[in-house]
Amino acid sequence: NLHFVLAYDRERVEQALGEAEGDGRAYLEKIVQVAYDIPKSREVDLSQELIDALNEALRHADVTGPFDEYGFGSILHGIILPLVGSVRDVRRYANALPVTLRVVGDEVALEDVLALEAIRVLLPEAFAVLADSAEALTTPHDQLGVTHRSSDPRAEETKAKIETFVRSGGDKEAVTRDARERLFLASLWTENNHYGSDWQKRWSKGRRVAHPRVLGFYLEKRLPE
């Protein structure tokens, strides 16, 4: 009178059994008497789960940087939600926030922290490229655009690093592209969107990672000398 309840990915288990038993599905059917398929999480349910987890993490944060609610709405839908595919993703993301929020404190705008933490936890390949591309992403150019035959090799090198960060998203390139457009405004000079050096004071005051000092603090978790 003993019953076992198993939770597993049917396709993966059948494949693993097939390597040893020949027909993995037939072998599994001999063992499992009753099977129930768990439905996929609906997007609206995941969204609510994510919002609840964020609110819980922020409720315990002693101090955070300035928060732009309107800007966060765009970040939520353009960067964070596209990276969340399951409740497990929500938990992994939410579990990482308390320590980061405590270490970063009020030095970085909250919406930027939430966006970059989603990339760090759920898109680590892109986050690894971010550090190498940090200077390119946060250095404003007062001259618009760059042609393919530009005589300025530094401009071409900077553009290449920006594009490398965008491409690092792989099948999630829409996320890294959105992150560039919303977080690293200085890099938009390659698209003829002008955010020159006069914007740096505004980014510094708002503690946005568009400013190299703020991004540097987020990445290194310490202020410069």
Side-chain angles (χ1 to χ4, degrees), residues 5-9 12 36-131 133-134 137 165-166 168-184 206-211 214-223:
V5 179
L6 310 176
Y8 58 90
D9 184 325
R12 288 181 178 272
Y36 298 96
D37 291 326
I38 298 177
K40 282 189 173 183
S41 300
R42 296 182 304 167
E43 186 175 335
V44 63
D45 294 331
L46 275 178
S47 298
Q48 188 58 54
E49 191 78 17
L50 176 64
I51 295 300
D52 291 344
L54 282 173
N55 286 333
E56 181 66 16
L58 294 174
R59 188 167 64 86
H60 295 286
D62 295 329
V63 62
T64 64
F67 181 63
D68 178 359
E69 188 172 348
Y70 175 78
F72 175 68
S74 301
I75 286 171
L76 176 67
H77 292 283
I79 300 174
I80 302 175
L81 278 174
L83 295 177
V84 174
S86 65
V87 175
R88 179 172 177 268
D89 288 340
V90 173
R91 292 286 172 262
R92 290 177 58 218
Y93 174 53
N95 288 342
L97 287 177
V99 172
T100 299
L101 290 172
R102 185 162 60 249
V103 173
V104 170
D106 62 355
E107 295 292 339
V108 185
L110 179 57
E111 65 269 22
D112 289 2
V113 174
L114 297 177
L116 290 180
E117 280 299 286
I119 294 174
R120 183 180 71 82
V121 175
L122 303 173
L123 199 59
E125 299 85 357
F127 190 80
V129 176
L130 177 60
S133 304
L137 291 167
F165 170 71
V166 173
S168 68
D171 61 351
K172 297 287 186 181
E173 184 175 314
V175 171
T176 47
R177 189 174 299 280
D178 203 81
R180 176 208 173 182
E181 293 175 356
R182 300 191 185 282
L183 302 180
F184 305 113
R207 284 163 271 183
R208 303 297 309 276
V209 293
H211 192 283
V214 180
L215 178 60
F217 175 79
Y218 169 80
L219 293 173
E220 301 171 12
K221 304 300 187 287
R222 64 187 180 90
L223 291 170

Do [X] and [Y] touch side chain to side chain, with heavy atoms closer than 4.5 Å?
| X | Y | answer |
| --- | --- | --- |
| Val87 | Leu46 | yes |
| Leu83 | Tyr93 | no |
| Ile119 | Ile79 | yes |
| Arg59 | Glu56 | yes |
| Leu110 | Leu58 | yes |
| Pro98 | His60 | no |
| Val121 | Phe127 | no |
| Leu76 | Leu114 | no |

For [X] and [Y], work out which heavy atoms get closest and say how close.
| X | Y | answer |
| --- | --- | --- |
| Ala57 | Leu101 | O-CD1, 4.3 Å |
| Lys172 | Pro82 | NZ-O, 2.8 Å |
| Ala53 | Ala94 | CB-CB, 3.7 Å |
| Phe184 | Leu137 | CB-O, 3.5 Å |
| Arg208 | Asp112 | NE-OD2, 2.8 Å |
| Val103 | Phe217 | O-CZ, 4.1 Å |

For the [atom1] atom on [X], are there more than 12 heavy atoms of other groups (residues, nucleotides or ligands in this structure) within a distance under 6.0 Å?
| X | atom1 | result |
| --- | --- | --- |
| Glu220 | CD | yes |
| Asn55 | CG | yes |
| Arg120 | CZ | yes |

Quiz item: Among Val209, Leu130, Val214, which residue meets the side chain to side chain contact (heavy atoms under 4.5 Å, CB included) test with Leu219?
Solution: Leu130
Nearest 0.5 Å, please: how far is [atom2] in [Y] from [atom1] in [X]?
| X | Y | atom1 | atom2 | result |
| --- | --- | --- | --- | --- |
| Glu125 | Thr176 | CD | OG1 | 11.0 Å |
| Ile80 | Ser74 | CD1 | OG | 11.0 Å |
| Asp9 | Ile38 | CG | CD1 | 10.5 Å |
| Arg180 | Glu173 | CZ | CD | 11.0 Å |
| Thr64 | Arg102 | OG1 | CZ | 14.0 Å |

Exercise. Using distance alone, with no hydrogens and no angle criterion, decide if Glu117 and Tyr218 have a side-chain donor and acceptor under 3.5 Å apart.
Key: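 Side chains of Glu117 and Tyr218: pair found under 3.5 Å.
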Quiz item: So, Arg92 side chain and Leu122 main chain: donor-acceptor pair closer than 3.5 Å or not?
Solution: no
Practice problem: Could you go through the side-chain contact (heavy atoms from CB on, under 4.5 Å) check for Val5 and Tyr36 one step at a time? | Solution: CA-CA 11 Å; Val5 179; Tyr36 298 96; over 6 Å; no
